[in-house]
Amino acid sequence: MDYTRKKPEVTTLIILEKRITKKDDTHPVKLRVTFNRTQKYYTISKKSFTSSDFENIISPKARNKNKELRRELEAEEHRAINIIDNEIDEFSFDEFERLFHKKKIKNNSLQSYFENKIDELKEENKLQTAISYQATNKSLCDFDSKVSFQRINPKYLKNYENWMIKKENTYTTIGIYLRNLRHILNRAIEDGVISHKKYPFGNSKNKYKIPAANNVKKALNIKDIEKIFKYEPISVQEAKAKAYWLFSYLCNGMNMVDIANLKFKNYNDNKIRFIRQKTKDTTNDKKEIIVSVLSEAKAIISEFGNIPQSNDYIFPIFFPGMTEVEKLNRLKQVIKNTNKYMKLISKKIGINENITTYYARHSYSTILKNSGASIEFISEQLGHSSIKVTANYLDSFEDEQRESISKNLINF
């Protein structure tokens with residue numbers, strides 16, 4: 001629907017999201033918001049429709065029930081435009097999303113803010129992140145059945161951290177939960193629900209600092225990588241696990257979710273170009289990662305990939321028509337199987353590590369570092385947001401290299 005716009009550089013359009021097909025062959029209706037060539041999609045109806053039904057609804061000649069549905073959709077678009085034009089000084093997707101989803105908050109309780117955030121993430125098909133917030137909320141309620149904005153202060157958070165440690169949570173999990181909680185508190189402050197003066201997080205002595213994750217070594221040395229290359233699988237399951245693991249290692253330490261989402265349109269001229277799933281919706285500055293495909297990686301595609309067709313997935317992990325829930329469950333199973341058989345392989349070839357898919361990415365970056373590659377180059381190859389992230393990510397130098405360098409001190 002056309003409105004007089006104060007911010008014409010931000011455009012909106014009601015669409016039928018045909019990239020998502022439900023089991024009854026219907027598609028969700030979404031509002032597409034475009035700004036600086038970046039497009040994001042927001043669900044604006046709980047109902048889904050076939051293409052023909054949707055055309056009848058949005059038609060100017062719509063009558064009765066279809067006309068009511070069209071008005072409901074247009075009302076949501078009008079509400080979004082009002083937010084863009086009148087409630088945001090300088091447009092950003094984060095601010096728009098905060099205000100657009102704000103109506104769903106039932107009250108000003110911590111639980112309502114968590115529920116609202118989880119609903120948002122589900123609407124945006126960020127199911128893994130939604131699960132993370134659900135786990136955070138449950139953990140907080142298990143720790144304190146009366147948890148609320150008012151009870152949270154630095155001492156409270158430290159007690160929560162200690163409780164999680166006793167529950168044998170890793171510092172990685174503790175960090176994720178507390179960052180999720182911090183996000184919820186920031187939202188409540190922006191909405192004026194709690195005062196910024198009571199914000200408990202920070203680096204000063206009187207504030208609570210989220211603990212850093214344990215820097216557990218997850219990288220293999222080049223000799224162990226060679227053992228994996230030379231290993232001859234004894235089953236289809238082992239062969240597939242080895243293939244996916246090595247493909248990740250050879251292709252810039254590509255995460256399994258990115259491998260699953262690769263399509264043949266990403267693969268041209270002996271290069272794979274892609275944007276990480278982890279960051280594609282969190283920044284306007286999309287970093288395209290370019291992979292030089294070695295012959296070993298080409299062989300994996302030839303043996304374990306699909307037959308090349310336009311827009312088809314390279315590997316048989318995801319399939320056209322899968323829902324986001326089906327994709328998430330499928331990816332979890334593939335990662336589980338890969339980790340299971342890589343652990344079996346590692347024992348057979350004498351590697352005293354429980355190898356997982358994470359080892360491929362860490363090994364790629366660490367071996368690059370030890371070969372003399374600059375941290376700037378490694379950061380670009382990994383698709384990190386900053387060099388600082390890469391510095392924290394990289395493994396320590398191998399003991400053999402450290403000893404070799406130390407001997408130079410007495411190399412008279």
Side-chain angles (χ1 to χ4, degrees), residues 128 170-173 175-176 212-235 237-262 272 274 276-278 289 291-294 296-297 299-301 304 315 317 331-371 373 375 377-384 389-402:
Q128 193 68 54
T170 66
Y171 275 104
T172 298
T173 299
I176 291 171
N214 294 328
N215 187 21
V216 179
K217 180 179 179 180
K218 293 181 179 179
L220 303 179
N221 59 41
I222 195 67
K223 293 180 181 178
D224 287 339
I225 299 292
E226 183 182 15
K227 290 179 183 178
I228 295 174
F229 265 97
K230 291 183 176 179
Y231 175 74
E232 293 293 335
I234 62 171
S235 67
Q237 292 87 346
E238 279 192 356
K240 188 175 292 186
K242 174 187 171 183
Y244 285 147
W245 196 94
L246 285 178
F247 188 84
S248 172
Y249 170 74
L250 293 168
C251 297
N252 296 33
M254 193 183 301
N255 287 327
M256 283 300 299
V257 65
D258 293 314
I259 292 175
N261 277 286
L262 282 180
I272 290 176
F274 72 101
R276 293 182 70 195
Q277 295 293 312
K278 184 177 181 179
I289 298 175
V291 178
S292 295
V293 183
L294 300 176
E296 292 81 359
I300 291 172
I301 293 174
F304 296 92
F315 292 104
I317 300 175
L331 180 63
K332 284 182 176 179
Q333 190 60 50
V334 170
I335 292 174
K336 181 179 178 180
N337 289 341
T338 302
N339 290 341
K340 174 183 176 180
Y341 287 100
M342 284 306 298
K343 289 174 183 177
L344 293 174
I345 291 172
S346 66
K347 290 179 181 178
K348 291 180 182 180
I349 58 181
I351 299 177
N352 190 28
E353 299 280 354
N354 287 324
I355 299 176
T356 66
T357 54
Y358 287 113
Y359 274 73
R361 186 168 175 81
H362 283 259
S363 299
Y364 166 82
S365 57
T366 301
I367 289 174
L368 271 188
K369 181 188 73 174
N370 291 341
S371 67
I375 191 170
F377 175 79
I378 298 171
S379 182
E380 181 180 333
Q381 295 300 96
L382 292 173
H384 281 165
V389 173
T390 310
N392 293 331
Y393 187 86
L394 287 172
D395 194 6
S396 58
F397 278 95
E398 296 177 11
D399 290 338
E400 293 177 9
Q401 187 173 9
R402 185 182 295 107

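All residue numbers in this chain count up from 1 along the given sequence.
For the atom pair CD1 (Ile351) and CG (Asp224), the distance works out to 4.0 Å, reported to the nearest 0.5 Å. Taken to the nearest 0.5 Å, the OG1 atom of Thr338 stands 9.5 Å off from the CD atom of Gln333. Ile259 contributes atom CD1, which lies 12.0 Å from atom CD of Gln277 (distance to the nearest 0.5 angstrom). Taking CZ of Arg276 as the start and CG of Asn255 as the end, the distance is 5.0 Å to the nearest 0.5 Å. One finds the OH atom of Tyr359 at 11.0 Å from the OG1 atom of Thr366 (value rounded to the nearest 0.5 Å). How far CZ of Phe229 is from CG of Leu246: 4.5 Å, rounded to the nearest 0.5 Å.
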Which is it for Ser363 and Ile225 under the side-chain contact (heavy atoms from CB on, under 4.5 Å) test, yes or no, and what are the steps along the way? CA-CA 8 Å; Ser363 299; Ile225 299 292; 4.1 Å; yes
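Summarising the geometry of Lys227 relative to Gly350, their closest heavy-atom pair is NZ-O, 4.1 Å, with the distance given to 0.1 Å. A pairwise comparison of heavy atoms in Arg361 and Gly253 identifies NH1-O, 2.8 Å as the closest pair. Nearest approach of Cys251 to Ala297, heavy atoms of both residues: SG-CB, 4.1 Å.
The salt bridge (charged side-chain N to carboxylate O under 4.0 Å, His left out) analysis of residues 335-347, with sequence neighbours excluded, yields no pairs. For residues 238-247, the salt bridge (charged side-chain N to carboxylate O under 4.0 Å, His left out) pairs, not counting sequence neighbours, are Glu238-Lys348.
Judged as a ring-ring contact (aromatic ring centres under 6.0 Å, His included), and not counting sequence neighbours, the contacts of Phe315 are Tyr244, Phe247. By the side chain to side chain donor-acceptor pair (under 3.5 Å) test, Glu226 is found to be paired with Lys230, residues two or more places apart in sequence or in another chain being considered. For Gln237, the side chain to side chain contact (heavy atoms under 4.5 Å, CB included) partners two or more places apart in sequence, or in a different chain, are Ser235, Tyr341. Remark: Thr173 engages Thr170 in a side chain to side chain donor-acceptor pair (under 3.5 Å) (not counting sequence neighbours).
At least one side-chain heavy atom of Ile367 sits under 4.5 Å from a side-chain heavy atom of Tyr249. At least one side-chain heavy atom of Met254 sits less than 4.5 Å from a side-chain heavy atom of Leu262.
For the side chain to side chain contact (heavy atoms under 4.5 Å, CB included) criterion with Ile355, the lone passing option out of Leu344, Ile345, Leu220, Asn339 is Leu220.
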